[in-house]
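Okay, structure first, notes after.
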There are 2 protein chains.
Amino acid sequence: MIRTDVGFSLYANMTVIYNGRASSTAGPGNFLLIHKPDGSTFIHASGLSTPLNYQRPGSTILVNDDIITVTSKDASESIKVILHDVKEYNEFLDWSKAKPVMKGTEKQLCDKIIANIDTLLGIKIIEVNRELKTPIGDVDIVGIDAYGIWHIIEVKRGRITTNDLYQLWKYYTHLRITKICNGYMAAPAISVKAQGMLDDFGFSYLMVDH
Amino acid sequence: MIRTDVGFSLYANMTVIYNGRASSTAGPGNFLLIHKPDGSTFIHASGLSTPLNYQRPGSTILVNDDIITVTSKDASESIKVILHDVKEYNEFLDWSKAKPVMKGTEKQLCDKIIANIDTLLGIKIIEVNRELKTPIGDVDIVGIDAYGIWHIIEVKRGRITTNDLYQLWKYYTHLRITKICNGYMAAPAISVKAQGMLDDFGFSYLMVDH
DNA sequence: GCCTTCATGTCGGAT
DNA sequence: ATCCGACGTGAAGGC
């Protein structure tokens, strides 16, 4: 009755058991199971954005009477669903693959910063490096001024937290071995604690927005 | 026709426009829209685990002909769905609220480490602090030996990455001001780069598993 | 409400 | 394939 070769949804009273990286049980309860043609499967309860349980694309689904088994591609993870009472079953044909086209990402915030870098820093920058490769990671933006001073900018699209500062600090301590450096955190907001730590490090905060 | 006071799913050819923290567009395509009684709404395309677009619980949904608008609780975010061709509509009553009961979490890995801490460290520990509060965050485990040396352990349930080390470094630099400290990362695995950086910091890796 | 960290995080990009 | 870092991260817990 259930076609595993197409997308479908199943609203039912069920119990869900997961084993893999972790393990969990849920239910019994009235949940919605969704299976997509890419092999991914999700079980949604009410009250949470994240699914109660899931398997990622590439999984295989097997239906045996009132037991559904979903196994991940490498067979390291699986969920078992015990159906107690099926209420709705629907098939979805020609399900589209698609990704949203995003705007307002960190990448685009970087664009904006680079376009206005002289104004933001209050210094004339003569060379800009983006995603500068270092052995310990990529630096978002490095602007070099006429004196050869390196202005290191770590960009965050959201609010700067204390942990974010260590990323800048990591690059700063690495680059200062060979260059004279200044450190900057650029974001729309910064937490109070992060601001305090920023001052301790001797870095500066650049207020930027999308 | 669409009841916004219950849970429902809508399989349709649609275009989705999001505005909020970022903004995005997707479609037109055949997607599945799910609305849960908690107010959350999700639009799933095939090929991704994460929804193409969504609003979190507490949102309000408004249906006007072939336009669906979902607005977040604080009205800072919204998605607009333009329906081009509705293929399926189903209502789901008595949708359960539930959370999975998890095993194999970091918390439980901590339990195991603490139970075997003497063996793991090769030192007799006379006092164990868990989730030790500091102004910059909580330290997973601190074991104190007979000499008063603090053994700081940062636990990860998965693989240790370079970024994880800065969390330990943060606590280490903070605590070493007043105590003699050793630093440890405990996890089932560690990346090559993280291992190298760990050595540079003078920390140790503890191999632990669930 | 702000801040911090965990997560079966997921996902994309680079090596 | 592994590694690394962003994410509209989401969710939980503490203050």
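Lettering of chains follows the sequences in order, A, B, ..., and the numbering in each one begins at 1.
The phosphate of D:dT9 has neither OP1 nor OP2 within less than 4.0 Å of any side-chain N or O from B:Tyr54. In terms of phosphate contacts, B:Ser49 brings a side-chain nitrogen or oxygen within less than 4.0 Å of OP1 or OP2 of C:dC11. An OP1 or OP2 oxygen of D:dG8 is reached within less than 4.0 angstrom by no side-chain nitrogen or oxygen of A:Thr105. OP1 or OP2 of C:dC6 lies within a sub-4.0 Å distance of a side-chain N or O belonging to B:Gln167. Residue A:Asn163 places at least one side-chain N or O closer than 4.0 Å to OP1 or OP2 of C:dT5. Residue B:Ser191 has a polar side-chain atom (N or O) positioned under 4.0 Å from OP1 or OP2 of D:dC4. Residue A:Lys170 has a polar side-chain atom (N or O) positioned under 4.0 Å from OP1 or OP2 of D:dG5. When the side-chain nitrogen and oxygen atoms of A:Lys107 are compared with OP1 and OP2 of D:dC7, none of them lie within a distance under 4.0 Å. Within the 4.0 Å cut-off from OP1 or OP2 of D:dT9, not a single side-chain nitrogen or oxygen of B:Arg56 is found. Between D:dG5 and B:Thr161, no contact under 4.0 Å exists linking OP1 or OP2 to a side-chain N or O. The phosphate of D:dG8 has neither OP1 nor OP2 within less than 4.0 Å of any side-chain N or O from A:Arg159.
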Worked check of side-chain hydrogen bond (donor to acceptor under 3.5 Å, both in side chains) between A:Asn163 and A:Thr161: CA-CA 5 Å; A:Asn163 265 14; A:Thr161 66; 6.0 Å; no
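Between B:Trp169 and B:Phe203, the ring-plane angle classifies as tilted under the 30° and 60° cut-offs. Ring geometry for B:Tyr166 versus A:Tyr166: interplanar angle of 30 to 60°, hence tilted.
For B:Val192, the listed nucleotide lying nearest its side chain is D:dC3; candidates were C:dT4, C:dC11, D:dC3.
Between A:Asp138 and B:Glu77, the residue anchored closer to the 5' end of DNA chain D is A:Asp138, taking for each the nucleotide with the nearest heavy atom. Between A:Lys156 and A:Gly47, it is A:Lys156 whose nearest contact on DNA chain D lies nearer the 5' terminus.
For the residue pair B:Gln55 and B:Tyr18, no side-chain donor N or O sits within less than 3.5 Å of a side-chain acceptor on the partner. Inspection of the A:Ser40 and A:Asp38 side chains reveals an N or O donor paired with an N or O acceptor under 3.5 Å.
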